[in-house]
Number of protein chains: 2
Amino acid sequence: MRIGELADVSGVPSKTIRYYEQAGLIPEPPRTSSGYRDYPDEATTRLTFIRDAQHAGLTLAEIRGILALRDSGQAPCDHVGDLIQQHLAEINRRMAELRKTRTALRELAQRAAETDPASCTDTDICRIISTPNRHRDERTSGWPGHSTASASR
Amino acid sequence: MRIGELADVSGVPSKTIRYYEQAGLIPEPPRTSSGYRDYPDEATTRLTFIRDAQHAGLTLAEIRGILALRDSGQAPCDHVGDLIQQHLAEINRRMAELRKTRTALRELAQRAAETDPASCTDTDICRIISTPNRHRDERTSGWPGHSTASASR
DNA sequence: TTAGACCTTCCAGTGCACTGGAAGGTCAAG
DNA sequence: CTTGACCTTCCAGTGCACTGGAAGGTCTAA
């Protein structure tokens, strides 16, 4: 498979695929006689994994580490086991943070549901909501006063 | 509370706090007579939320949107409800991706546990594992051959 | 009153993850 | 044999999220 086809099936641009190679995320593929990159089918799986992990918020450096671990396959010394555990802990940490954010958002949805939607007829208000601080020097300080009884953590 | 204290209690550098203000993530606080920023206690909660959401993989633009929604408080028109639902969907998407990554990592841990740790005595091998492609022009193409029976998705 | 810690604005630089474009080689169809 | 799509390398630029540093004002403690 040449780079363009891989780009099509994986949804990752050719440019980005070359960049990933250069960044050590995917190994250098064999070349055709004319110098074109010639990818095996597994390449799509790998790119899919990279994109999944990335959308989940992992950096390329972290993903590179995970992939390297995975590629090593035959040499899982204690150190590698530790690394895997570290990555798992990191992922669990991130999921916890995502859950917190989701909870905050659900509370918001709750508040929104409880207020009468009919009370908003002017589209300008919504525009203000979606783009804050576009209209400076308001009279108010802007700090929301909703119950935040002293800081946690 | 002045910016330095807020930085200390929240763990977010003063520079970054000013940057968040300029970026519309936190409102402009009142100033002391000498022009120093004077933050209310809620500021720490807000910074904590920003950091949580960020560690979860949300961009500042997304977080800004969520905070703006939250600040609006009293004007939840249908449009705002939609936005909340969009953000929730996005977060669920990200959590699904995080779960996929975690599953991949757990399989890895499984493989590592099944192989004899005593088979690895040389620290060099581990060093190779943690920093791939630092040693180019190897004889192998580098593509791992482990069972990836045709691409999914 | 002066040292030192803290604050202000402004502007420039950094690292990550791409992304665009130039300049040129390859290949199948017309 | 030429057109056009595809590929190659290399280098430069972009957007995001900071981060550092200059130049200067403020405040407390010795």
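Lettering of chains follows the sequences in order, A, B, ..., and the numbering in each one begins at 1.
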Check your understanding: In chain order, what residues pass the side chain to side chain contact (heavy atoms under 4.5 Å, CB included) check against A:T16, with sequence neighbours excluded?
Key ->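 A:T16 satisfies side chain to side chain contact (heavy atoms under 4.5 Å, CB included) with A:V12, A:P13, A:Y20, A:R51 once adjacent residues are dropped.
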Point to revise | Contacts of A:A7 that satisfy side chain to side chain contact (heavy atoms under 4.5 Å, CB included) - sequence neighbours left out | key: A:S14, A:I17
Sequence neighbours excluded, which residues qualify as side-chain hydrogen bond (donor to acceptor under 3.5 Å, both in side chains) partners of [X]?
X: B:E62; result: B:T59, B:R94
X: A:D38; result: none
X: A:S34; result: A:T32
X: A:Y36; result: none

Review point. Going by an N to O cut-off under 4.0 Å, is there a salt bridge joining A:E90 and A:R93?
Key: yes
Check your understanding: Given atom CD of B:E21 and atom C1' of C:dC10, what is their separation to the nearest angstrom?
Key ->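 From B:E21 CD to C:dC10 C1': 14 Å.
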Point to revise | Nucleotide D:dC6, atom P - distance to CG of A:D38 in whole Å | key: 17 Å
Review point. For B:K15, which residues count as a salt bridge (charged side-chain N to carboxylate O under 4.0 Å, His left out) partner, sequence neighbours excluded?
Key: none
Review point. What is the nucleic acid contact for A:R37, judged by heavy atoms within less than 4.0 Å: base, sugar-phosphate only, or nothing?
Key: sugar-phosphate
What are the atom names and distances for every N/O pair under 3.5 Å that joins the protein to nucleotides 26-29 of chain C?
unit_1, atom_1, unit_2, atom_2, d
C:dT26, O4', A:Y36, OH, 3.1
C:dT26, O3', A:S34, OG, 3.4
C:dT26, O2, A:Y36, OH, 3.3
C:dC27, OP1, A:S34, OG, 2.9

Review point. With the sugar-phosphate defined as primed atoms, P, OP1 and OP2, and the base as all remaining atoms, what B/S/- string results for nucleotides 13-20 of chain C, 5' to 3', for protein heavy atoms under 4.0 Å?
Key: ----BBSB
